[in-house]
Engineer: 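Quick one: the structure is below, questions incoming.
So that the names make sense, note that chain A is the first sequence line, chain B the second, and so on, each numbered from 1. Predicted model, so just to flag it, every value in this text is computed and none were measured.
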Number of protein chains: 2
Amino acid sequence: MPKDRAPTRIQKKNRAAILEAALNVFSAHGFRGATVDQIATEAGLSKPNLLYYFPSKEAIHTALLSGLLETWLAPLHDLDATGDPMEEILSYIRRKLQMSREFPRESRLFANELVQGAPRIHSALSHDLKVLVDEKTAILTDWMDQGKIAKLHPYHLIFSIWALTQHYADFDIQVRVILGDEDPYEGAEPFVDTLYRKLLRP
Amino acid sequence: MPKDRAPTRIQKKNRAAILEAALNVFSAHGFRGATVDQIATEAGLSKPNLLYYFPSKEAIHTALLSGLLETWLAPLHDLDATGDPMEEILSYIRRKLQMSREFPRESRLFANELVQGAPRIHSALSHDLKVLVDEKTAILTDWMDQGKIAKLHPYHLIFSIWALTQHYADFDIQVRVILGDEDPYEGAEPFVDTLYRKLLRP
DNA sequence: TGTTGATTTGACCATCTGGTCAAACTCACG
DNA sequence: CGTGAGTTTGACCAGATGGTCAAATCAACA
């Protein structure tokens, strides 16, 4: 294992390659379905070489998840209490849909983990996620109390946004079976926009 | 492997026990994460005994999926072109939400498969699912053309229903982390009801 | 009850997989 | 160069896992 000094050029390159490869493999096959050999090959390394940079398969997975959780929650983090309520929420939704479009692997990485009961990130969820959601739903509740947007159950409002936007990344195959050649996001963006305008109108 | 005559009492009992156990294990761990031993133990059989009834792990999985696909699509199948549009759609949504509540394992079984690209049911999807969805979206489009419900992209309307309802089963852990002790479906039912009433109002 | 087919199992196998290790190789720097 | 730290690898191991098989046991029916 490399010493914990400043990382060398090679360390940076290889760690990045491993995480990139791991994202591909874990998101496509889940933790159990991924093999260290597969990740190593995809990263252009031998298995022992990969294990020189990360002590175990589990460690790669953990590093990947915790490194990406922040990115994943960023759109919600940016929801601003001082902005225009309707526009803030719609722009949060657009950012979230954009994430599904640009980072489908990341979405599926989390989806895989969640569907199986989040055995490896349950604690991170109940801390970071819970806190962030509570903070933001407080804002939503304020807006509702002030009559700026329709009164709805704030948690379920958040769930609906997650469900709708992540569906396009997580169940991509199903979406494409139905849509054929049509670009999913072409139709999704106006659809969710209309949906939430109607839903949130006071 | 049992002959293909009429199944004996023992065959019926054991096949059912295996499929029930397999549903537990596959839905919780995915195909790759499940082991034959685990399924056998949960079904109260030895591994060779289990493999006397199904030729392979893959065969159990396939039998399970194809046996459940019909159940899974039943709510949509029941959408009736001659009923009242708004009530038909709302009742479809209620049935779908009810499925998530009563059959979360089935939902996660499909979710696991879909997230990983549906390697084992892709063909079933592009036949049965595609046909059924096209049939039902034609009804939706009619209703829209007649001004009975709001004009929306019918495929994305279906996606939104799937996403919203299945979210509660598939990402149950996340939902519970946020909601705490609150019953998810208690709030979900009125929420989705309100949502689609607003969305579909012409 | 005897016989035949159905059912069950212990022992076993080949392969896959995560992980180890000592030895070899490479790189940066004096 | 030369040297020491950083990097890479072939060979290897132990345990898990899907699957096989012959022999033993059981159930049902004549």
Engineer: Taking NZ, NE, NH1 and NH2 as the nitrogens, is one of them in Glu189(B) or Arg94(B) under 4.0 Å from a carboxylate oxygen of the other?
Structural biologist: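 No, Glu189(B) and Arg94(B) are not salt-bridged.
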Engineer: Just checking Glu87(B): does its CD atom have more than 12 heavy atoms from other residues, nucleotides or ligands closer to it than 6.0 angstrom?
Structural biologist: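 Yes, because the 6.0 Å sphere around CD of Glu87(B) holds more than 12 heavy atoms from other groups.
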Engineer: Take atom CD1 of Ile39(B) and atom P of dG19(D), then tell me their distance rounded to the nearest Å.
Structural biologist: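 Going from CD1 in Ile39(B) over to P in dG19(D) covers 10 Å.
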Engineer: If a protein heavy atom is under 4.0 Å from the base, mark B; if only from the sugar-phosphate, S; if neither, -; do that for nucleotides 11-18 of chain C going 5' to 3'.
Structural biologist: B-----SB
Engineer: Let me know the distance between CZ of Phe54(A) and P of dT7(D), rounded to the nearest Å.
Structural biologist: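 Phe54(A) atom CZ is separated from dT7(D) atom P by 13 Å.
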Engineer: Under 4.0 Å between a side-chain nitrogen and a carboxylate oxygen: does that hold for Arg101(B) and Asp183(B)?
Structural biologist: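 Asp183(B) and Arg101(B): salt-bridged.
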Engineer: Should the pair Phe26(A) and Phe31(A) be assigned to parallel (<30°), tilted (30 to 60°) or perpendicular (>60°) ring geometry?
Structural biologist: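 Taking Phe31(A) first and then Phe26(A), their aromatic rings lie parallel (interplane angle under 30°).
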Engineer: Which of the following nucleotides, dT8(C), dG6(D), dT9(D), is nearest to the side chain of Ser46(A)?
Structural biologist: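 When the side chain of Ser46(A) is considered, dT9(D) is the closest of dT8(C), dG6(D), dT9(D).
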Engineer: Please state how far atom CD in Gln11(B) lies from atom C1' in dC26(D), giving the value in whole angstrom units.
Structural biologist: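 Taking atom C1' of dC26(D) as the reference, CD of Gln11(B) is at 14 Å.
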Engineer: Measure the distance from NE2 on His61(A) to P on dG19(C) and round it to the nearest whole Å.
Structural biologist: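 My rounded result for the distance is 13 Å.
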Engineer: Answer yes if the side chains of Asp80(A) and Tyr92(A) hold a donor-acceptor pair under 3.5 Å, and no otherwise.
Structural biologist: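 Not at all, the side chains of Asp80(A) and Tyr92(A) share no donor-acceptor pair under 3.5 Å.
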Engineer: Quick check on dA27(D): is either OP1 or OP2 less than 4.0 Å from any side-chain nitrogen or oxygen of Thr8(B)?
Structural biologist: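 No, no such contact exists.
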Engineer: Once you round it to whole Å, what is the distance between C1' of dT7(D) and CG of Asn14(A)?
Structural biologist: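 My rounded result for the distance is 9 Å.
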Engineer: Salt-bridged, Arg95(B) to Glu102(B), with N to O below 4.0 Å?
Structural biologist: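 A salt bridge is absent here (no side-chain N lies under 4.0 Å from a carboxylate O).
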Engineer: Any idea how Tyr155(A) and Phe159(A) line up, ring-wise: parallel (<30°), tilted (30 to 60°), or perpendicular (>60°)?
Structural biologist: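 Rings of Tyr155(A) and Phe159(A): parallel, as their planes differ by under 30°.
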Engineer: Decide, yes or no, whether a salt bridge links Lys148(A) with Asp84(A) under the criterion of side-chain N to carboxylate O below 4.0 Å.
Structural biologist: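 No.
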Engineer: Under the side-chain contact (heavy atoms from CB on, under 4.5 Å) test, which residues partner Ala74(B), sequence neighbours left out?
Structural biologist: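 Listed in chain order: nothing, the list is empty.
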Engineer: Ignoring backbone atoms, test whether Tyr52(B) places a side-chain nitrogen or oxygen under 4.0 Å from the OP1 or OP2 oxygen of dT8(C).
Structural biologist: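 Answer is no, no contact under 4.0 Å.
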Engineer: Provide, to the nearest angstrom, the distance between the NZ atom belonging to Lys12(B) and the P atom belonging to dT7(C).
Structural biologist: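 Atom NZ in Lys12(B) sits about 12 Å away from atom P in dT7(C).
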Engineer: Taking OP1 and OP2 of dT9(D), is either one under 4.0 Å from a side-chain nitrogen or oxygen of Asn49(A)?
Structural biologist: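 For dT9(D), OP1 or OP2 has a side-chain N or O of Asn49(A) closer than 4.0 Å.
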Engineer: How close or far is atom C1' of dT17(D) from atom CD of Glu58(B), stated in whole angstroms?
Structural biologist: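 Checked: the CD to C1' distance equals 15 Å.
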Engineer: Counting primed atoms plus P, OP1 and OP2 as sugar-phosphate and everything else as base, spell out the protein contacts along nucleotides 22-30 of chain C at 4.0 Å heavy-atom distance: B, S or - for each nucleotide, 5' to 3'.
Structural biologist: -----SS--
Engineer: When the distance from CZ of Arg15(B) to P of dT7(C) is rounded to whole Å, what number comes out?
Structural biologist: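 Arg15(B) atom CZ is separated from dT7(C) atom P by 9 Å.
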